[in-house]
Amino acid sequence: MSKLIRNHDFLSNRGGKLFVENVSAEKLAAKFGTPVYAYSELRIRENARRVKSALAFTPEISRGLIRSELFYAVKANNNLSILSILRNENLGADAAGPAEIELAQRAGFPKNKILYSGVFHSDEELKFGLKSGVAVNVDSLSAAKRLLKFGKPPLFSMRVNPGITGGKIRGLIFAGSDAKFGESVANVLQGYRLAKKAGVKKLGLHMMTGSCILDENYFAAAAEKLLAIAGAIRKKIGIKFEFIDIGGGLGIPYRLNEKILDVEKAVKLTVKVFAAGVAKFDLGNPKLLLEPGRFLVGDAGVLLTRIQTIKPKTPRQARGKAFVGVDAGMQTLLRPALYGAWHEILFAGNLNAKAVKKVSIVGPICENTDQLARDRLLPKLAEGDLLAILDTGAYGFGMSSNYNTRARPAEVLVSGGKAEIIREREGLKEIIGRQRVPNRLKK
Ligand code: LLP
């Protein structure tokens, strides 16, 4: 057994075969079919503990000067078993919509550890949030007005666009002038005025400015900005915040040569700035909230897919490339098609094989963006071989679809030598069973 890939200790090379914890990828594929997402329970717990202890060991938190809480962004992976693991690790849940509130409750998160942070809410969604009795975070003055007309949440929070953003992927920038998210400082201020008038007792302040950020300094810089905004609000209308939430965004390296985020450093710098801001702006004792998604589950997931069709390069014809067609595609993993995202790909059946040839790994969908990897240097592959696409635990299954009338894949949780199904593969019933044909068209 040898170490396979940095930062992925739950994966190993045993005699050339890929193992996820103590189960071989081939066994997973044979037992559960492909494509299948397999998650390492161990890695999810390790990731959660790493962020929790990074927080706990900062001087300010360990001395009790600052309080903090870690929430999990359910949208990264909404599987109930994964939610249960993270609830068991004592995290809270950040829910993007009614069904995520419902999932968080089913996974056992208590109401006071669920934050409902939708964007561009409908009235129905706001009412659902109120009925669930969870903290509600709105991202517009409009939603604030509508929410407060319908009722009073136990905690009211607003998402501000602080005009600072990080991250390198264009699609993952969530603040600044091109971002649809959050509200201006002036409108947020107005929202809090209304909440105060309505008699809401507890208030929070929130931002989420970008995703997959690998720069340790960014989080502190963004927090500094948010605290200054909190200070300005406090000064103008005299409110105190129960929490100040700096959002998610902790990145993971998708490429082997990309830097690994030093999460301890990022957290340490952030908490330091947070403590200084709280003192400077006389903010009382607000909790620092972090709500990562990707960092907790991203590198814990592997997508297993089997090669179905190989089209070799045919130099004298139009096709100057070799295409390796697998049973996963953009309907299974959308990130490459949507953001040009890179995921490492391993030949699970023979990890010791030398990479010899550039091929494109493509799916079965009728779109030419359905390419999971373009011109990737890989070993010689044959139809029937099994590939593993790494770092697919976050925004993998969650962004899958039924496009081309395809089934969403199965999900499996690996824990030591155990592999358990945690979401069944869809069948025809799920894919087409909800369609209705008016009688007049049946003739
Ligand atoms: N909080 C809120 C309000 C969010 O909208 C998000 C992610 C998070 C927390 C967690 O962010 P993270 O820690 O995972 O960066 N589909 C994209 C990622 C979109 C993230 C959307 N919001 C991808 O595949 O990379």
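Atoms within each ligand, like the ligands themselves, are counted from 1 in listed order.
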Hey, which atoms in ligand 1 end up nearer than 4.0 Å to a heavy atom of Gly248? 9 (C), 13 (O)
Of the backbone atoms (N, CA, C, O) and the side-chain heavy atoms from C-beta on, which set of Ala76 has a member under 4.0 Å from an atom of ligand 1: side chain, backbone, both, or neither? neither
So is Tyr339 in contact with ligand 1, going by heavy-atom distances below 4.0 Å? yes
Step through it carefully: locate the ring centre of His206, locate the ring centre of Phe241, and say whether they are under 6.0 Å apart. no
Show your reasoning for whether salt bridge (charged side-chain N to carboxylate O under 4.0 Å, His left out) applies to Arg159 and Glu183. CA-CA 6 Å; Arg159 176 169 177 169; Glu183 219 7 314; over 6 Å; no
Under 4.0 Å between a side-chain nitrogen and a carboxylate oxygen: does that hold for Lys75 and Glu100? no
Ligand 1 and Pro292, any nitrogen or oxygen pair closer than 3.5 angstrom? no
In chain order, what residues pass the side chain to side chain donor-acceptor pair (under 3.5 Å) check against Thr270, with sequence neighbours excluded? none
Less than 3.5 Å between some nitrogen or oxygen of Met399 and one of ligand 1, yes or no? no
Would one find an N or O of His206, backbone or side chain, under 3.5 Å from an N or O of ligand 1? no
Assess whether a salt bridge exists between Lys201 and Glu242, defined as any Lys/Arg side-chain N lying under 4.0 Å from an Asp/Glu carboxylate O. no
How are the rings of Phe10 and His8 set relative to one another: parallel (under 30°), tilted (30 to 60°) or perpendicular (over 60°)? tilted
Considering only heavy atoms, does Met208 approach ligand 1 within less than 4.0 Å through its side chain, its backbone, both, or neither? side chain
Can you tell me if Phe174 has a non-hydrogen atom under 4.0 Å from ligand 1? yes
For the 3.5 Å polar cut-off, considering only N or O atoms, please tell me whether Arg159 and ligand 1 meet it. no
Just jot down the side chain to side chain donor-acceptor pair (under 3.5 Å) partners of Lys259, sequence neighbours excluded, or say none. Glu216
Nitrogen or oxygen of Ser117 less than 3.5 angstrom from that of ligand 1: no
